[in-house]
Amino acid sequence: GDSVTQMEGPVTLSEEAFLTINCTYTATGYPSLFWYVQYPGEGLQLLLKATKADDKGSNKGFEATYRKETTSFHLEKGSVQVSDSAVYFCALSRTGANSKLTFGKGITLSVRP
Amino acid sequence: DAGVIQSPRHEVTEMGQEVTLRCKPISGHNSLFWYRQTMMRGLELLIYFNNNVPIDDSGMPEDRFSAKMPNASFSTLKIQPSEPRDSAVYFCASSLEGGYGYTFGSGTRLTVV
């Protein structure tokens, strides 16, 4: 079945550091890929998505590229801020009726001033 | 759009009592999902509906849990009787189709004492 694997956490960075959070997936065909973010005490919010190979999703300075050849969707940001401290979830889904998101375990990011 | 609305935001109840969590999805969305989040187990999909019909309830932990979606604008998750191990944050999410991603509610934090 479909699955998503995220790197182990937590991750602690200093403000303005470069961020990479690894995500790989196992699925047949061409699923859509997502990154969700959960700030403390809140629900998950869609951060960015990509629906086909080589697509780049971007939002709030974060980017991720759909790499079919390596089955990866790594999240990057050039300069993190304290306000980026949150839990980040990678996920995949298929289109069509009865589809659902398959989430990775999530990784906690803490950014120090 | 008001987003996905969950109620109550917080619920504290005694072991053995019945608990009902409520969710109003985004108008026009045809899929609805119930998740449970704990530190130990992370984010777990309990059940999801498509066009008000339950599609997969394999994540429902046991018979004490039940979910209904009587119409396109309302769903409930009921626990009867509740137990301390049910303490968690319960999220509801809705989507037009899985491939477009979900919109999550703010969650209900349930504490069973």
Side-chain angles (χ1 to χ4, degrees), chain A residues 1-10 23 25 27-53 55 57-59 62 64 66 73 86-108, chain B residues 1-10 21 23-26 29-60 69 88-109:
Chain A
D2 296 345
S3 67
V4 175
T5 302
Q6 292 186 232
M7 59 186 280
E8 294 287 326
C23 171
Y25 68 91
T28 56
Y30 297 89
S32 295
L33 302 175
F34 306 83
W35 277 101
Y36 280 80
V37 59
Q38 184 179 27
Y39 298 104
E42 299 183 12
L44 280 72
Q45 302 173 24
L46 179 62
L47 180 60
L48 54 84
K49 68 178 182 181
T51 57
K52 61 182 186 294
D55 264 4
S58 61
N59 186 24
F62 291 89
Y66 189 142
F73 193 55
V87 182
Y88 292 82
F89 293 88
C90 185
L92 69 81
S93 178
R94 303 180 182 281
T95 55
N98 301 337
S99 59
K100 64 174 182 177
L101 275 171
T102 298
F103 284 95
K105 291 183 181 295
I107 186 170
T108 299
Chain B
D1 196 324
V4 175
I5 299 173
Q6 290 187 247
S7 64
R9 286 298 308 272
H10 302 275
L21 311 181
C23 176
K24 177 178 169 58
I26 289 176
H29 282 189
N30 60 1
S31 295
L32 183 139
F33 307 81
W34 282 101
Y35 283 86
R36 178 172 67 177
Q37 187 176 39
T38 61
M39 289 292 291
M40 291 294 293
R41 295 186 297 269
L43 197 62
E44 302 173 278
L45 176 63
L46 301 178
I47 185 172
Y48 71 101
F49 297 83
N50 192 58
N51 292 323
N52 312 337
V53 176
I55 302 301
D56 183 353
D57 65 354
S58 60
M60 297 285 262
M69 192 164 186
V89 181
Y90 291 81
F91 288 104
C92 175
S94 70
S95 73
L96 183 58
E97 282 185 2
Y100 292 94
Y102 298 176
T103 300
F104 279 78
S106 298
T108 295
R109 181 173 295 276

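The chains referred to below are lettered A, B, ... by the order of the sequence lines, with proteins before strands, and numbering in each begins at 1. All values derive from a computational prediction rather than experimental measurement.
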Is a side-chain donor or acceptor of B/Asn51 paired with a backbone partner of B/Val53 at a separation under 3.5 angstrom? no
Whether the side chain of A/Tyr36 engages the backbone of B/Tyr102 through a donor-acceptor N/O pair (distance < 3.5 Å, no angle test) should be reported. yes
Segment of B/Gln6 engaging chain A (4.5 angstrom heavy-atom cut-off): neither
Heavy-atom proximity to chain A below 4.5 Å, by part of B/Tyr35: side chain
Evaluate the ring planes of A/Tyr88 and A/Phe62, with Trp represented by its six-membered ring, and classify them as parallel (under 30°), tilted (30 to 60°) or perpendicular (over 60°). tilted
Check the surroundings of atom OH in A/Tyr39: do more than 12 heavy atoms from other residues, nucleotides or ligands lie under 6.0 Å from it? yes
Region of A/Gln45 that comes under 4.5 Å of a non-hydrogen atom in chain B: neither
